[in-house]
Amino acid sequence: MAPAPARLRRSAAALLGGLVLLAATAAAEPARYALDPVHTRVMFAVSHAGFSQALGTVSGSEGILEFDPQDWSSARLDVRVPLQRLDLGDEDWNRATLARRLLDAGRWPEARFVSERVEPLGADRFIVHGQLSLRGVTRPLALEVGFNQLRRHPMPPFRRTAGFSARASLSRSDYGIDAWPTMIGDQVELRIEAEAVRSSRAAAPGEPGETETAGSDPSTAAPLPPASGEDNVQP
């Protein structure tokens, strides 16, 4: 029989090896991040009767992102976009865009994107394939995403933060948004700037839980009420 000290050394070595293996496995698992609604914004561009590209933004998006920077194929994204936060720079334009004949935000107050798979293109570029739900219609959408950086934020509370830039294009008529075809172009270009903050308490949309973010969304706006003659307002 081996001396007790030898058995103890082997047991300690086995325990240490197991802990190292568990740590390596945990490190390889995707970490969960919460989108920062203050520093995440969707910009869209659409033709205005061929004269110009009308530009608008939607702020306040929330959701969760899970990813391992060493393996983007395992990433998962679930995000909600509050359409009442839309801003075209003019109240009449905003009201017309949110009205029944366009976004119908009274019935469908948010858009939602849920990823299905990630196609890596390089070290910091990939395509996120998923489903976009807008105005009661769900269709495939591909986001071309650039990974900007992942590091500790330089401002309090110094949380680990990831930054991304993304682009996509969609047909508004695919989602039943087909009013005023001579005034509003069909192709809508999207540009998205997003920051996500490491959080173990981030909950996916529709799940219970509390989300920790670097900032907070001050908006508590309810859906805009229908304006008188809203469908007669032209953008």
Open item on the list: Quick one, Ser133 and Glu110 - any side-chain contact, counting heavy atoms below 4.5 Å?
Closed with: no

TODO: Go through Thr161 and Leu150 one step at a time and tell me if the side-chain contact (heavy atoms from CB on, under 4.5 Å) criterion holds.
DONE: CA-CA 6 Å; Thr161 301; Leu150 172 63; over 6 Å; no

Open item on the list: Does Trp108 form a side-chain contact (heavy atoms from CB on, under 4.5 Å) with Leu134? I'd like the steps, not just the answer.
Closed with: CA-CA 7 Å; Trp108 310 103; Leu134 176 65; over 6 Å; no

- [ ] For Ser169 and Glu189, test the side chains for any donor-to-acceptor distance below 3.5 angstrom and give the result as yes or no.
- [x] yes

Task: Taking every non-hydrogen atom, the tightest pair across Asn94 and Gly89 - done: OD1-N, 4.1 Å

Task: Ile192 vs Phe164 side-chain heavy atoms within contact, under 4.5 Å - done: no

Task: Pair Glu144 + Arg167, salt bridge at N-O below 4.0 Å - done: no

Task: 4.5 Å side-chain heavy-atom contact, His153 and Phe158 - done: no

- [ ] Verify the neighbour count for atom CZ of Arg135: are there more than 12 heavy atoms of other residues, nucleotides or ligands below 6.0 Å?
- [x] yes

- [ ] Please report the closest heavy-atom contact between Ala162 and Phe67, naming both atoms and the distance.
- [x] CB-CZ, 3.8 Å

Task: Backbone N/O of Gly176 and side chain of Ser173: donor-acceptor pair under 3.5 Å - done: no

Task: Side chain Asp36, main chain Ala194, donor-acceptor under 3.5 Å - done: no

Task: From Leu83 atom CG to Leu102 atom CG, the distance as rounded to the nearest 0.5 Å - done: 12.0 Å

Task: Gap between atom CG of Leu35 and atom CG of Leu77 - 0.5 Å precision - done: 6.5 Å

Open item on the list: Go through it in stages, so that I can follow the logic: the residues are Trp72 and Val118, the test is side-chain contact (heavy atoms from CB on, under 4.5 Å), and I'd like the CA-CA distance, side-chain angles, deciding distance and then a yes or no.
Closed with: CA-CA 7 Å; Trp72 288 108; Val118 178; 4.2 Å; yes

- [ ] Taking the side chain as every heavy atom from C-beta outward, state whether Val137 and Asp174 have any atom pair closer than 4.5 Å.
- [x] no

Task: Backbone of Ala179 reached by a side-chain donor or acceptor of Arg172 within 3.5 Å - done: yes

- [ ] Output yes when Arg41 and Glu193 qualify as a salt bridge under the 4.0 Å nitrogen-oxygen rule, no when they do not.
- [x] no

TODO: Supply the atom-to-atom distance Asp104 CG to Leu98 CG, rounded to the nearest 0.5 angstrom.
DONE: 10.0 Å

Task: Approximate separation, where rounding is to 0.5 Å, of Phe126 CZ and Leu143 CG - done: 10.0 Å

Open item on the list: If I take atom CD1 from residue Ile127 and atom CD from residue Glu119, how far apart are they, to the nearest 0.5 angstrom?
Closed with: 4.5 Å

Task: Residue pair Thr57 / Asp87, side-chain donor-acceptor N/O under 3.5 Å - done: no

Open item on the list: So, taking the atom named OG1 in Thr97 and the one named CG in Leu86, what distance separates them when rounded to the nearest 0.5 Å?
Closed with: 5.5 Å

- [ ] Find out whether Arg152 and Arg160 are in side-chain contact, i.e. whether some heavy atom of one side chain is under 4.5 Å from a heavy atom of the other.
- [x] no

Task: Centroid separation Trp93 to His48 less than 6.0 Å - done: yes

Task: 4.5 Å side-chain heavy-atom contact, Val114 and Leu132 - done: no

Task: Check: Ser74/Asp68 side-chain N/O donor and acceptor closer than 3.5 Å - done: no

Open item on the list: Can you tell me if Phe51 has over 12 outside heavy atoms packed within less than 6.0 Å of its CZ?
Closed with: no

Task: Side-chain touch Glu62/Val79, heavy atoms, less than 4.5 angstrom - done: no

Open item on the list: Within the 4.5 Å heavy-atom criterion, are Ser47 and Gln53 side-chain neighbours or not?
Closed with: yes

Open item on the list: I'd like to know if Asp78 and Arg112 make a salt bridge, using a cut-off of under 4.0 Å between side-chain N and carboxylate O.
Closed with: yes

